[in-house]
Amino acid sequence: MLKKYFKKNKQWLILVLILFFGLIVRTKNFNVLPIDAHPMRQTDTECVAYFLYNGKTNFLNPKSCLIRPVSNSDGYFFLEMPFYQQLIAFSYRIFGYFPWSARLVNIFLYLIGGLALFGFMRGWWSKRVGIFSVLIYSFVPGSIFFVGHAIHPDAMAVSFILVSMFWIWKYYQTDKYRFLVLSGLFLGISVASRPFGLICLPIFLYFLWLKKSRWYNYVILLLLSIGFYGFWWWRKNNIGIDMDWEHWILAGREKLFQFEYLKKLVWKNIIGETMGKIVSSLAALGLVISIFKKDKKIFPLLFWLGGVVVYWLIAPDGNLTHQYYANVYIPLVVILASIGLNFVFEKSKILVVLIIPFLIYNGIRTSNYHFDDRGKGEEVVIAREIEKLIPEDKKIIYLAKDDSIPLSLSHRQGWMLGEWPTDVAVHIWAFMEMRHYGFDYIVEPKNRTDLKTEDWEIIKQNYPLVQSGEYINIYKYR
């Protein structure tokens with residue numbers, strides 16, 4: 001009887017087993033502060049969630065700890081619509097304020113993304129390809145860290161792309177409008193979290209085209225997919241928040257035509273740190289085989305792949321600087337890789353049995369690079385001292401260049417040193433200008449000073465030392 005039950009439910013048991021082991025891998029550093037890869041982005045994202053949790057702000061007026069640009073004195077946060085941060089805030093309210101409460105959100109997003117991917121690929125291709133796709137998705141390095149662990153909006157953006165794909169498939173099968181609306185809504189939330197995720201749109205248009213949908217179905221999908229982001233862009237401009245400092249990601253297009261930069265983008269950022277070498281090889285195989293076989297299903301994937309290239313051209317420096325910019329096309333690579341693995345399976349089952357352990361090992365080993373906290377312990381103790389010595393409603397200038405981690409970990413709003421007018425310039429005149437923006441304290445970490453000694457000696461003559469802790473000195477604005 002047990003054998004009969006296993007045979008009947010084999011695919012579901014395998015799916016549960018894959019998701020379980022994928023979940024286990026994502027519990028590494030489960031209750032550790034978000035100070036591993038990209039700690040500034042992680043800690044600031046968590047700070048937005050914390051302010052939503054404690055009622056300091058609300059969904060339509062989110063605030064962050066790192067104030068950018070310097071003129072944004074209230075610290076409004078408009079990098080993305082805070083759907084992800086709001087989920088973390090809900091988790092804090094239910095389970096309490098702990099690092100693991102935030103990680104639970106990522107586990108939830110990983111699981112619903114994996115289930116949605118299975119439902120989509122099982123229907124569009126086959127049960128076996130559906131299983132392969134979830135296996136690959138569970139052990140892609142970028143998926144392990146950014147979707148399953150890091151306090152980062154990509155966790156929601158990637159998962160909701162997969163969920164929206166499942167709903168568009170359901171619409172294609174049933175012709176029920178609620179599935180079209182759900183698909184558009186989930187895609188819209190994903191795009192509002194990471195706008196460049198919109199490059200996945202060809203797969204959705206493909207199913208509408210297959211269904212011979214009327215023009216208004218396309219309009220419904222398009223409006224829902226960009227509606228949240230459009231509203232957020234309008235609200236940012238209506239409030240008057242200057243977000244030009246984020247335009248650095250759009251520069252550097254000429255670099256993509258230089259071999260050394262293109263190699264860094266493809267070989268290091270995408271293959272080396274986000275997708276993994278095994279998964280990337282399988283994806284290349286899946287692409288080539290599908291083209292060679294003249295499989296019509298490859299057409300939306302080719303357009304999606306073309307969207308990736310357009311994405312590189314639109315945001316070259318973003319893609320070259322941060323490997324996580326590749327996260328939004330993890331679903332595409334996973335689909336292609338599952339096609340490639342299925343081709344190998346049809347030729348040699350033994351070879352697949354040999355490939356899978358290497359795929360899992362490569363994913364875990366590569367993701368370990370991201371889990372390294374790179375000696376951020378000192379920022380943690382500085383943050384604790386700031387939290388202890390400075391009231392929560394006071395604003396700080398933190399005298400460290402390009403390091404906002406202590407601000408965010410202590411949940412204190414403020415500015416760091418950097419390039420004016422995004423951050424406080426490392427010059428005397430910048431501190432004179434900052435008097436217009438309502439700071440209360442200057443915090444000097446004892447282990448570093450990123451100002452010139454002579455400049456700092458002049459500046460602190462105007463600000464009395466009010467507290468000297470073990471790791472920081474605190475100066476008050478008169």
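Position 1 is the first residue of the sequence, and the numbers go up from there. Model, not experiment: these values are computed from the prediction. Hydrogens, waters and symmetry mates play no part in the numbers below; they use all other heavy atoms, side chains included.
- Relative orientation of the F179 and W167 rings is parallel, given thresholds of 30° and 60° on the angle between their planes.
- Other residues, nucleotides and ligands contribute more than 12 heavy atoms inside 6.0 Å of the OH atom of Y97.
- Checking side-chain atoms of S410 against main-chain N and O of L407 turns up a donor-acceptor pair under 3.5 Å.
- A 6.0 Å sphere centred on OH of Y92 holds more than 12 heavy atoms belonging to other residues, nucleotides or ligands.
- Judged purely by atom type and a 3.5 angstrom limit, E385 uses its side chain to pair as donor or acceptor with the backbone of Y471.
- Across Y325 and I249, no two heavy atoms sit closer than the pair OH-CG2, 3.2 Å.
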Next on the checklist: Between S159 and V147, is the side-chain contact (heavy atoms from CB on, under 4.5 Å) condition met? List the steps.
Outcome noted: CA-CA 8 Å; S159 295; V147 179; 3.7 Å; yes
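- Side-chain atoms of R384 do not come within 3.5 Å of backbone N or O of E379 as any donor-acceptor pair.
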Next on the checklist: If you apply the rule side-chain contact (heavy atoms from CB on, under 4.5 Å), what do you find for W245 with V70, and how did you get there?
Outcome noted: CA-CA 10 Å; W245 60 272; V70 294; over 6 Å; no
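- No side-chain donor-acceptor contact under 3.5 Å links S193 to the backbone of A157.
- With respect to F146, the ring-ring contact (aromatic ring centres under 6.0 Å, His included) criterion is satisfied by exactly one of F371, Y84, Y324: Y324.
- Applying the 6.0 Å contact sphere to CZ of F83 captures more than 12 heavy atoms from other residues, nucleotides or ligands.
- Applying the salt bridge (Lys or Arg N to Asp or Glu O under 4.0 Å) rule to pairs touching residues 308-319 yields K255-D317, sequence neighbours excluded.
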I'd like a table of donor-acceptor pairs (distance under 3.5 Å, sequence neighbours excluded) in which one partner is a side-chain atom from residues 117-124, with atom names and distances.
none

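- Closest approach of N319 and L265 over heavy atoms only: O-CD1, 3.6 Å.
- A side-chain hydrogen bond (donor to acceptor under 3.5 Å, both in side chains) with D36 is found for one member of H370, K28, Q42 and no other, namely Q42.
- Residue pairs meeting the salt bridge (Lys or Arg N to Asp or Glu O under 4.0 Å) criterion with at least one partner in residues 39-67, sequence neighbours excluded, are R41-E80.
- The shortest non-hydrogen separation linking R235 to F78 is CG-CE2, 4.0 Å.
- Judged by distance alone, with hydrogens and angles left aside, the side-chain atoms of S64 form a donor-acceptor pair with the main-chain N or O of L66 at under 3.5 Å.
- For N31 (side chain) and W100 (main-chain N/O), a donor-acceptor pair under 3.5 Å exists by modelled atom type.
- A salt bridge does not link E387 with R412: none of the charged nitrogens is closer than 4.0 Å to a carboxylate oxygen.
- Annotation for I270 and A326: closest pair CG1-CB, 4.2 Å, computed over non-hydrogen atoms.
- Checked by atom type and distance alone, the side chain of S183 pairs as donor or acceptor with a backbone atom of S164 at under 3.5 Å.
- Checked by atom type, the side-chain pair Y437/D74 shows no donor-acceptor distance below 3.5 Å.
- For Y110, the side-chain hydrogen bond (donor to acceptor under 3.5 Å, both in side chains) test picks out S138, with sequence neighbours left out.
- Taking a 6.0 Å sphere around CD of E419, one finds it holds 12 or fewer heavy atoms contributed by other residues, nucleotides or ligands.
- Of all heavy-atom pairs spanning T45 and I151, the tightest one is CB-O, 3.6 Å.
- Not a single donor-acceptor pair under 3.5 Å links the side chain of Y53 to the backbone N or O of R93.
- Side chain of T321 to main chain of G318: no donor-acceptor pair is present (N/O by atom type, distance under 3.5 Å, no hydrogens or angles).
- Residues R26 and N106 bring no donor and acceptor atom of their side chains to less than 3.5 Å of each other.
- Classification of D403 and K401 as a salt-bridged pair fails, no side-chain N sitting under 4.0 Å from a carboxylate O.
- The neighbour count for K268 NZ, taken as heavy atoms of other residues, nucleotides or ligands under 6.0 Å away, is above 12.
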Could you pull out every donor-acceptor pair under 3.5 Å between side chains of residues 351-363 and any protein atom, sequence neighbours left out?
{"residue": "Y361", "atom": "OH", "partner": "R365", "partner atom": "NE", "Å": "3.4"}
{"residue": "N362", "atom": "OD1", "partner": "K277", "partner atom": "N", "Å": "3.2"}

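- Residues that satisfy the ring-ring contact (aromatic ring centres under 6.0 Å, His included) test with Y172, not counting sequence neighbours, are W169, F207.
- Without hydrogens or angle criteria, N72 side chain to R68 main chain gives a donor-acceptor distance under 3.5 Å.
- Cation-pi geometry between K297 and W125 is satisfied (NZ or CZ under 6.0 Å from the ring centre, within 45° of the ring normal).
- A ring-centre distance under 6.0 Å is not found for W304 and Y329.
- A distance of 6.0 Å or more separates the ring centres of H152 and H38.
- Using the six-membered ring where Trp is involved, F145 and H149 have ring planes that are tilted, between 30° and 60° apart.
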